[in-house]
Amino acid sequence: MMIWRSKIPSVSFPLSFGTFVEHFPISRIQVSSISRRINAKSLSTAGISKSSDSSFFQALSDTQKDQIHLYVEALLEWNQRMNLTAVTVVEDVMERHVEDSLALIPPITNCYSSPCNKSANNVTLVDVGTGAGLPGLILAIACPDWRITLLESMNKRCVFLEHAVSFTGLSNVKVVRGRAESIAHNVCFREKFDVAVARAVAEMRILAEYCLPLVRVGGLFVAAKGHDPQEEVRNAERSIQLMGASVLQLCSVQSQSPFGRRSAIICSKDRPTPRKYPRDPVATRVKIKDL
């Protein structure tokens, strides 16, 4: 395992995290029942091509907007020589990657703060299978008080991530090369994070086994999913329970994805994960019916 640490000097952010979240364009919450343990919460967002009042991007400071533009510039430049994203137009990256990543912040902060009135400042977050740094790098820009770990198994992507961290001037990001099924057995990482997030990585019942062992008891696991994840969530409930967690909420957000919306599945870590988890990938595939 190799670890890179950012040593870039701190950047001044004129917009505080609290002010940033306060100005996020969140609609009135509507709750409906999906199962006895799952709630659907309705949030709203739109791409930056829409009115500024409906864009998370517009809630950022000028410095943060500049950092995101630098990230998009680096992403598209490096994408010409390695496979980082299928989206190759700036406007599409902003709408489908940046806005979708920013849309995760209200569900995270609301669920993290609500149970015991905890502050959402100084959150430690791990982005599992971050790929091109989505959503982790965007969250690091928007929430400079958060400490973000980007977990990625491919060395060439880690090289890009280190470049992006340096290019954008971030000082709250650490890049770790490794697989979640191995890293989660390392005492330096196991149950050390307040929040684990994953976007477009794997099926929910597999994600639960990879991500929840990294989350401390009382923390959150947030999976960014497609427009209709209810069946996937139901199929993953036993796996989530085995990892010591429960489904807290299913948050639906409007998006520039083909179906016009995406979902954030929020799980609460209730008790320690049994030591045997996560298993190696072969065992996970062979024994998946057990979950």
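Any value given below was found using the heavy atoms of this structure, including those in side chains, with hydrogens, waters and symmetry copies removed.
Taking CG from Leu170 and CD from Gln67, the interatomic distance works out to 5.0 Å, rounded to the nearest 0.5 Å.
Heavy-atom neighbours of Arg190 CZ from other residues, nucleotides or ligands within 6.0 Å: above the threshold of 12.
Counting heavy atoms from C-beta outward, Phe189 and Val126 have side chains that stay 4.5 Å or more apart. Put simply, the side chain of Leu84 reaches to within 4.5 Å of the side chain of Arg157, judged on heavy atoms. Considering only heavy atoms from C-beta on, Leu207 comes within 4.5 Å of Phe221 through its side chain. Contact annotation: the side chain of Pro272 approaches that of Val217 to within less than 4.5 Å [non-hydrogen atoms, C-beta and beyond]. In this structure the side chain of Val123 never reaches within 4.5 angstrom of the side chain of Cys143, judged on heavy atoms. Residues Pro135 and Asp127 form a side-chain contact, since some pair of their non-hydrogen atoms from C-beta on lies under 4.5 Å apart.
Lys225 pairs in a salt bridge (charged side-chain N to carboxylate O under 4.0 Å, His left out) with only one of the listed residues (Glu232, Glu203, Glu231), which is Glu232.
Ring orientation note: the planes of Phe57 and His69 are nearly perpendicular, at an angle over 60° on the 30°/60° scale.
Using a 3.5 Å distance cut-off with no hydrogens or angles, the side chains of Asn79 and Thr85 do not pair a donor with an acceptor.
Under the 3.5 Å distance criterion, the side-chain polar atoms of Thr130 are left unmatched by any main-chain donor or acceptor of Leu151. No donor-acceptor pair closer than 3.5 Å links the side chain of Arg262 to the backbone N or O of Gly226. Looking at Trp78, its side chain never comes within 3.5 Å of a backbone N or O of Leu161 through a donor-acceptor pair. Between the side chain of Glu209 and the backbone N or O of Arg279, at least one donor-acceptor pair lies under 3.5 Å. Formation of a donor-acceptor pair under 3.5 Å by the Gln64 side chain with backbone atoms of Ile141 is found in this model.
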